Amino acid sequence: MELNVLCLYPNIMDLYGDNGNLEILKYRLNKRGINMNIDTYTIGDGSLNLSDYDLIFMGGGSDKEQKLVAKDLIKYKDKIKHSINSGAFYLLICGAYQLFGKYYIDSENNKIEGLGIFDYYTKSSTNKQKRCIGNIILETDITGKNIKIVGFENHGGQTENVDSPFAKVLYGNGNKFLSEYEGYYNKNVLGTYLHGPLLSKNPELADYIIKYCLENKYNKKINLTKLDDKFEEIAKNEILNKYLNKESKV
Ligand code: GLN
């Protein structure tokens with residue numbers, strides 16, 4: 001078995017090492033004897049082919065980078081819609097998550113058109129100094145179990161009109177300042193503000209994505225062998241204990 005992965009704009013959209021999430025997926029697949037091939041697409045590479053991929057990943061970027069990428073990405077709106085409808089999994093971090101919505105109004109009040117595949121939209125906070133920054137803890141049942149997700153957020157964007165969020169916020173901000181909810185999730189699309197080591201900190205989420213992609217590709221039930229996540233669990237519990245016992249949300 002193998003999975004084919006496409007990383008979009010890796011040289012532009014990789015704030016806080018978001019692309020490291022792919023290393024985690026590859027590591028967890030390889031431990032189970034499954035290959036993962038990673039291809040990339042970026043501006044200047046010619047036409048985007050999405051049909052051969054089981055997972056499409058795009059990391060976050062600053063306003064400047066988002067503006068650059070948005071113009072290119074929009075050319076592929078129909079292809080992307082088709083690939084989502086065909087069941088490929090999309091993992092979208094921060095700036096990428098924003099660009100799959102209707103629009104993003106950046107911190108200079110410029111409107112960056114999104115793909116408009118989903119109905120949410122994002123406006124930057126009016127005060128440039130005021131951003132949603134810091135550790136964040138979520139609770140979600142998308143994997144079929146109620147699990148906690150730990151991570152780090154850093155965005156000025158305030159996302160509204162999310163009809164199916166990824167998770168409930170237990171600590172931190174989420175889709176906007178002190179929001180009750182974080183991210184977007186719908187079957188095979190996960191958009192989240194959680195930057196950097198999302199999947200290394202949350203192996204259950206990594207395995208959920210792996211299982212989805214394998215089952216979707218091979219059209220059969222997959223039981224993943226359990227890996228030793230002792231250190232990941234210790235690290236996660238440390239964060240949960242540190243932040244969940246505080247009284248205020250941030
Ligand atoms: N530029 C966007 C914002 O500030 C996204 C930033 C990011 O990807 N961290 O909301």
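Source: prediction; values computed, not measured. As a basis for the values below, the full set of heavy atoms in this structure was taken, side chains included, without hydrogen atoms, waters or symmetry mates.
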Could you go step by step and tell me if Ser125 and Lys176 meet the side chain to side chain donor-acceptor pair (under 3.5 Å) rule? CA-CA 9 Å; Ser125 134; Lys176 48 190 175 178; over 6 Å; no

Is there a side-chain contact (heavy atoms from CB on, under 4.5 Å) between Leu91 and Leu199? Walk through the geometry before answering. CA-CA 11 Å; Leu91 178 58; Leu199 299 182; 4.0 Å; yes

Evaluate side-chain contact (heavy atoms from CB on, under 4.5 Å) for Lys201 paired with Ile239, printing each intermediate quantity in order. CA-CA 10 Å; Lys201 284 185 169 176; Ile239 296 175; 4.2 Å; yes

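Remark: side-chain polar atoms of Asp45 are paired, donor with acceptor, to backbone N or O of Thr42 under 3.5 angstrom. Judged by distance alone, the side chain of Asn21 and the main-chain N or O of Gly196 form a donor-acceptor pair under 3.5 Å. The closest donor-acceptor contact from the side chain of Glu139 to the backbone of Val169 lies at 3.5 Å or more, if one exists at all. Counting only distance, with no hydrogens or angles, the side chain of Asp106 and the backbone of Asn109 share a donor-acceptor pair below 3.5 Å. For the pair Lys26 (side chain) and Met36 (backbone), a donor-acceptor distance under 3.5 Å is present. The main-chain N or O of Ile43 is never found under 3.5 Å from a side-chain atom of Asp72 such that the two would form a donor-acceptor pair. Judged by distance alone, the side chain of Tyr185 and the main-chain N or O of Lys187 form a donor-acceptor pair under 3.5 Å. Not a single donor-acceptor pair under 3.5 Å links the side chain of Ser83 to the backbone N or O of Leu50. When atom types are taken as modelled, the side chain of Asn202 and the backbone of Glu204 share no donor-acceptor pair closer than 3.5 angstrom. For the pair Glu153 (side chain) and Gly174 (backbone), a donor-acceptor distance under 3.5 Å is present.
Looking only at side-chain heavy atoms (C-beta outward), Ile234 and Asn237 stay at 4.5 Å or farther from each other. Put simply, the side chain of Ser51 does not reach to within 4.5 Å of the side chain of His82, judged on heavy atoms. The side-chain heavy atoms of Pro10 and Asn19, taken from C-beta on, include a pair separated by under 4.5 Å. Counting heavy atoms from C-beta on, the side chains of Asn154 and Cys132 never come closer than 4.5 Å. With contacts defined as side-chain heavy-atom distances shorter than 4.5 Å, the pair Ile105/Asn110 does not qualify. Proximity of Asn173 to Ser179: side-chain heavy atoms (C-beta onward) are nowhere separated by under 4.5 Å. Leu73 is listed as a side-chain neighbour of Ile80, based on a closest heavy-atom distance under 4.5 Å. Side-chain atoms of Leu68 and Tyr9, non-hydrogen and from C-beta on, never get closer than 4.5 Å to each other.
One distance of note links OH of Tyr184 with CD1 of Ile117; it measures 10.0 Å at 0.5 Å rounding. Considering SG of Cys213 and CG of Asn188, their distance stands at 9.0 Å, rounded to 0.5 Å. Rounding to the nearest 0.5 Å places CG of Leu244 at 4.0 Å from CD1 of Ile137. Residue Met13 holds its CE atom at 11.0 Å from CG of Asn11, rounded to the nearest 0.5 Å. Between Lys81 atom NZ and Leu115 atom CG the span is 9.5 Å, to the nearest 0.5 Å. Of the inter-residue distances, the one linking Ile38 atom CD1 with Leu22 atom CG reads 5.0 Å to the nearest 0.5 angstrom.
Of the residues listed (Val5, Leu214, Leu224), the one engaging Leu29 in a side chain to side chain contact (heavy atoms under 4.5 Å, CB included) is Leu214, and it is the only one. Between Tyr97 and the choices Asn175, Thr122, Thr159, the side-chain hydrogen bond (donor to acceptor under 3.5 Å, both in side chains) rule is met once, by Asn175. Of the listed residues (Leu198, Thr140, Ile149, Leu205), just one forms a side chain to side chain contact (heavy atoms under 4.5 Å, CB included) with Thr192, and that residue is Leu198.
The shortest non-hydrogen separation linking Asn186 to Ser164 is CB-OG, 4.1 Å. Shortest non-hydrogen contact noted between Glu215 and Lys220 is CG-O, 3.2 Å. Summarising the geometry of Cys94 relative to Gly60, their closest heavy-atom pair is CB-CA, 4.3 Å, with the distance given to 0.1 Å. Taking each heavy atom of Met1 and Ile34 in turn, the nearest pair found is O-CG2, 3.3 Å. For the pair Gly87 and Asn216, the tightest heavy-atom approach, listed with the atom from each and the gap, is O-ND2, 3.1 Å. Of all heavy-atom pairs between Ala167 and Leu138, the closest is CB-CB, 3.6 Å.
For an aromatic pair to be called close, the ring centres must be under 6.0 Å apart, and Phe152 with His195 fails this. The ring of Tyr76 has its center closer than 6.0 angstrom to the ring center of Tyr41.
The hydrophobic clustering, which links ILVMFWY residues whose side-chain heavy atoms are closer than 4.5 Å, places Phe89 and Ile56 apart. Cluster annotation: Leu3 is not connected to Val189 through the hydrophobic network of ILVMFWY side chains, with a link wherever side-chain heavy atoms come within less than 4.5 Å. Clustering ILVMFWY residues whenever any of their side-chain heavy atoms sit less than 4.5 angstrom apart, transitively, puts Ile210 in the very cluster that holds Ile93. When the side chains of ILVMFWY residues are joined at heavy-atom separations under 4.5 Å, either directly or via intervening members, Leu48 and Tyr90 end up in a single hydrophobic cluster. Linking Ile, Leu, Val, Met, Phe, Trp and Tyr residues whenever their side-chain heavy atoms come within less than 4.5 Å places Ile147 and Ile142 in a single cluster.
Using a 4.0 Å cut-off between charged nitrogen and carboxylate oxygen, Lys236 and Glu232 do not count as a salt-bridge pair. Here Asp228 does not pair with Lys31 in a salt bridge; the nearest charged N to carboxylate O distance is not below 4.0 Å.
Residues Tyr53 and Asn4 bring no donor and acceptor atom of their side chains to less than 3.5 Å of each other. Neither side chain, Gln98 nor Tyr120, offers a donor N or O lying under 3.5 Å from an acceptor on the other. Side-chain polar atoms of Asp63 and Ser107 form a donor-acceptor pair below 3.5 angstrom. For the residue pair Asp52 / Asn49, a side-chain donor-acceptor distance below 3.5 Å is found, with atom types taken as modelled.
Sparse packing is recorded around NZ of Lys71, with 12 or fewer heavy atoms of other residues, nucleotides or ligands lying under 6.0 Å away. By the neighbour-count criterion of 12 heavy atoms within 6.0 Å, atom CD of Glu238 is sparsely surrounded, having that number or fewer from other residues, nucleotides or ligands. No more than 12 heavy atoms of other residues, nucleotides or ligands sit less than 6.0 Å from atom NZ of Lys67. Shown here is Lys123, whose NZ atom has no more than 12 heavy atoms of other residues, nucleotides or ligands within 6.0 Å. Residue Phe177 places its CZ atom among more than 12 non-hydrogen atoms of other residues, nucleotides or ligands, all under 6.0 Å distant. Within 6.0 Å of atom CG in Asn219, 12 or fewer heavy atoms from other residues, nucleotides or ligands are found, so the atom counts as exposed in its surroundings.
Geometrically, Lys111 does not engage Tyr104 in a cation-pi contact, judged by NZ or CZ lying under 6.0 Å from the ring centre and within 45° of the ring axis. A cation-pi arrangement is absent between Lys102 and Tyr121 under the rule of less than 6.0 angstrom and at most 45 degrees off the ring axis.
For the salt bridge (charged side-chain N to carboxylate O under 4.0 Å, His left out) test, residues two or more places apart in sequence or in another chain that qualify with Asp229 are Arg28.
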